[in-house]
Amino acid sequence: MKTVNKKNNIFVSKNENELFIFLKKNLNQNDLIIFDKVLVKNNLIKKLSNLNNIKLIKIEGNEKIKSLKDYSRIAEKILELGINRKSKIVSIGGGTIGDLIGFISSTLLRGIEHIMIPTTLLSMVDSSIGGKTGINSKVGKNLIGTFYMPKIVIINLNFLKTLPSREMSCGFAEVIKYAFIHNNKLKTNLKNYDNDKLNLKKLENIIIESIKTKLNFTKDFRELKIGNNSRAILNFGHSFGHAIESLNYYKSSIKHGEAVALGMIIEINISNKLNLKPNSIENLKKLLIKFHLPTNYKKFINLKNINNIFEKIKKDKKAIKNDIQIILIKGNKGINRKISFDSLKKIIINLIK
Ligand SMILES: NC(=O)c1ccc[n+]([C@@H]2O[C@H](COP(=O)([O-])OP(=O)(O)OC[C@H]3O[C@@H](n4cnc5c(N)ncnc54)[C@H](O)[C@@H]3O)[C@@H](O)[C@H]2O)c1
C-alpha cells in the first residue's frame with residue numbers, strides 16, 4: 001500500500017489482495033465490519049464472509065440511511081453483538097456509510113476506532129478525508145454530527161470497477177472543484193485522462209492529488225476560520241449547488257455532484273461579473289462536459305424559481321444577516337467573498353435572462 005498521508009494514516013492501493021491480508025491480520029472477534037449491501041458479490045467481501053472470527057453487518061448505502069432512526073437501529077445492533085473500548089469498526093462503502101459509521105464510532109463507548117474503506121470516487125477523494133461525520137435531520141442535511149478522524153483510511157481502487165458511471169461523474173465533480181480552487185496539476189491530469197475507459201494508474205494520481213488538496217484546506221480542523229486557506233474554500237460550487245439540490249431533492253432528478261457542477265458554473269460566472277478574472281469559464285465547462293456533468297444551469301435556476309433558490313441560500317450555514325460568504329475564483333485560486341443578497345440576486349438575474 002502506498003502512503004498518501006502519514007499523519008492521517010491514509011493509504012492507497014491497486015492490489016486486490018492487500019486489503020484482505022491487512023484486515024485478516026488486524027481484526028479479531030471484538031471487531032466489526034459494516035459494508036454496503038451493493039458489494040455482496042465483491043471478492044473482498046466474499047473472502048471476509050468466509051472468515052469465521054469476524055462479524056459482518058450489511059446495510060444499504062444511500063442518503064436515507066443517514067437518519068436518527070438508522071443511527072439508533074445500527075448502534076443498538078453493534079452493542080448487542082458486543083464491543084469494547086478496544087474494538088475497531090470497519091466501514092466499507094460510499095460517503096453515506098462512511099458518514100454514518102464515523103458518527104456511530106465517535107459516539108459508541110465515547111469513541112472507538114474507525115477504519116474507513118471508501119468505495120465510491122466521491123468518498124475516496126472527499127468524504128473519507130478531513131474527519132467530518134454526520135447524519136441528516138428533518139431540518140437539514142448533515143446537521144447532527146461530530147469531528148472525528150478515522151484511525152486509518154484505506155483506498156482500494158478496485159472498488160471503482162463496479163461503480164456506475166453516473167456515480168463516477170459525481171466524484172469527478174469534486175475533483176474538478178479541487179483543480180479550480182487550488183491545484184493546477186489536477187487540471188492537467190484531468191485533461192489527459194481518457195474518461196472512456198477506467199485507468200487505475202492515472203486515477204491513482206488524480207485521487208492522491210485530490211486528497212492532498214483537501215488536506216491543505218482542513219488544517220483548521222473545526223472550521224473556525226474564514227481566510228483564503230480555510231475549510232470554507234472547499235465550498236466552491238456548493239452555495240448554489242446545495243440550493244439546486246434541495247429544491248430538486250424530492251424529485252431525485254439531480255445528484256449532489258451534478259448540482260455542484262451547476263453551482264461551479266454559476267459561481268465562476270459570478271466571479272467573472274465581479275471582474276476577478278477566473279481561469280477560465282470555458283476550461284471549467286469543457287472539463288464538466290468531458291466527465292458527463294451538466295453545465296446548463298438555466299433549467300434549474302430561472303426567473304420563476306429564483307426566490308425559492310434565494311430562500312435556500314439564505315438558510316446556508318455561511319449566511320449572516322443580509323450577506324453571504326461565497327467562494328469565488330480569482331485567477332487560479334478559490335477566494336472567500338462576502339456579498340449582499342441584493343447584489344448577488346442582481347448578478348444572477350443578469351446571468352439567467
Ligand atoms: N464527511 C464529509 O466530509 C463529506 C464530504 C462530501 C460528501 N459527504 C457525504 O457523502 C455522501 C455521498 O457519498 P457517495 O456519493 O459515496 O454516496 P453513497 O454512499 O450513497 O454511494 C453512491 C451509490 O453507489 C453505490 N456504491 C458504493 N460503492 C459502490 C461500488 N464500489 N460499486 C457499485 N456501487 C457502489 C451505493 O450503494 C450508492 O447507491 C453524502 O451523504 C454527503 O453528504 C461527506
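Numbers here simply count residues along the sequence, with the first being 1. Because the structure is a prediction, the values reported are computed rather than measured. Indexing begins at 1, ligand by ligand and atom by atom, following the structure's order.
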Go through ligand 1 atom by atom and flag the ones less than 4.0 Å from a non-hydrogen atom of [X].
X      : answer
Phe159 : 30 (C), 31 (N)
Pro164 : 33 (C), 34 (N)
Glu63  : 40 (C), 41 (O)
Asn62  : 20 (O)
Leu39  : 30 (C), 31 (N)

Residue and atom name of the nearest protein heavy atom (relative to [atom]), distance in Å to one decimal:
atom                    : result
atom 33 (C) of ligand 1 : Thr162 O, 3.2 Å
atom 9 (C) of ligand 1  : Asp99 OD2, 3.4 Å
atom 26 (N) of ligand 1 : Val38 CG1, 3.8 Å
atom 39 (O) of ligand 1 : Gly61 O, 3.6 Å
atom 36 (C) of ligand 1 : Asp36 OD2, 3.2 Å
atom 18 (P) of ligand 1 : Thr96 OG1, 3.5 Å
atom 3 (O) of ligand 1  : Lys214 NZ, 3.5 Å
atom 28 (N) of ligand 1 : Thr119 OG1, 2.8 Å

Is a donor from one side chain sitting under 3.5 angstrom from an acceptor on the other, for [X] and [Y]?
X      : Y      : result
Lys47  : Asn17  : yes
His114 : Ser91  : yes
Lys212 : Asn5   : no
Lys161 : Asn158 : yes
Thr107 : Tyr148 : no

With Ser123 as partner, the option from Thr119, Asp126, Thr120 fulfilling side chain to side chain donor-acceptor pair (under 3.5 Å) is Thr120
Within reach of ligand 1, part of [X] (heavy-atom separation under 4.0 Å):
X      : result
Leu122 : side chain
Lys141 : side chain
Thr133 : neither
Asn142 : side chain
Glu167 : side chain

Would [X] and [Y] count as a cation-pi pair here, with the cationic atom under 6.0 angstrom from the ring centre and within 45° of the axis?
X      : Y      : result
Lys214 : Tyr178 : no
Lys314 : Phe341 : yes
Lys345 : Phe310 : yes

May I ask you to decide whether [X] forms a salt bridge with [Y], counting only side-chain N to carboxylate O separations under 4.0 Å?
X     : Y      : result
Asp31 : Lys55  : no
Lys2  : Glu204 : yes
Lys66 : Glu63  : yes

Exercise. Report the relative orientation of the aromatic rings in Phe217 and His182; use parallel for angles under 30°, tilted for 30 to 60°, perpendicular for over 60°.
Key: perpendicular
Of Ser123, Gly93, Ser127, Gly134, the one whose closest heavy atom lies nearest atom 8 (N) of ligand 1 is Ser127
Of Arg231, Lys66, His256, Glu174, the residue with the heavy atom nearest atom 43 (O) of ligand 1 is Lys66
So is Asp126 polar-close to ligand 1, meaning N/O to N/O under 3.5 Å?
no
Report yes if Ile97 has an N/O atom closer than 3.5 Å to an N/O atom of ligand 1; otherwise report no. no
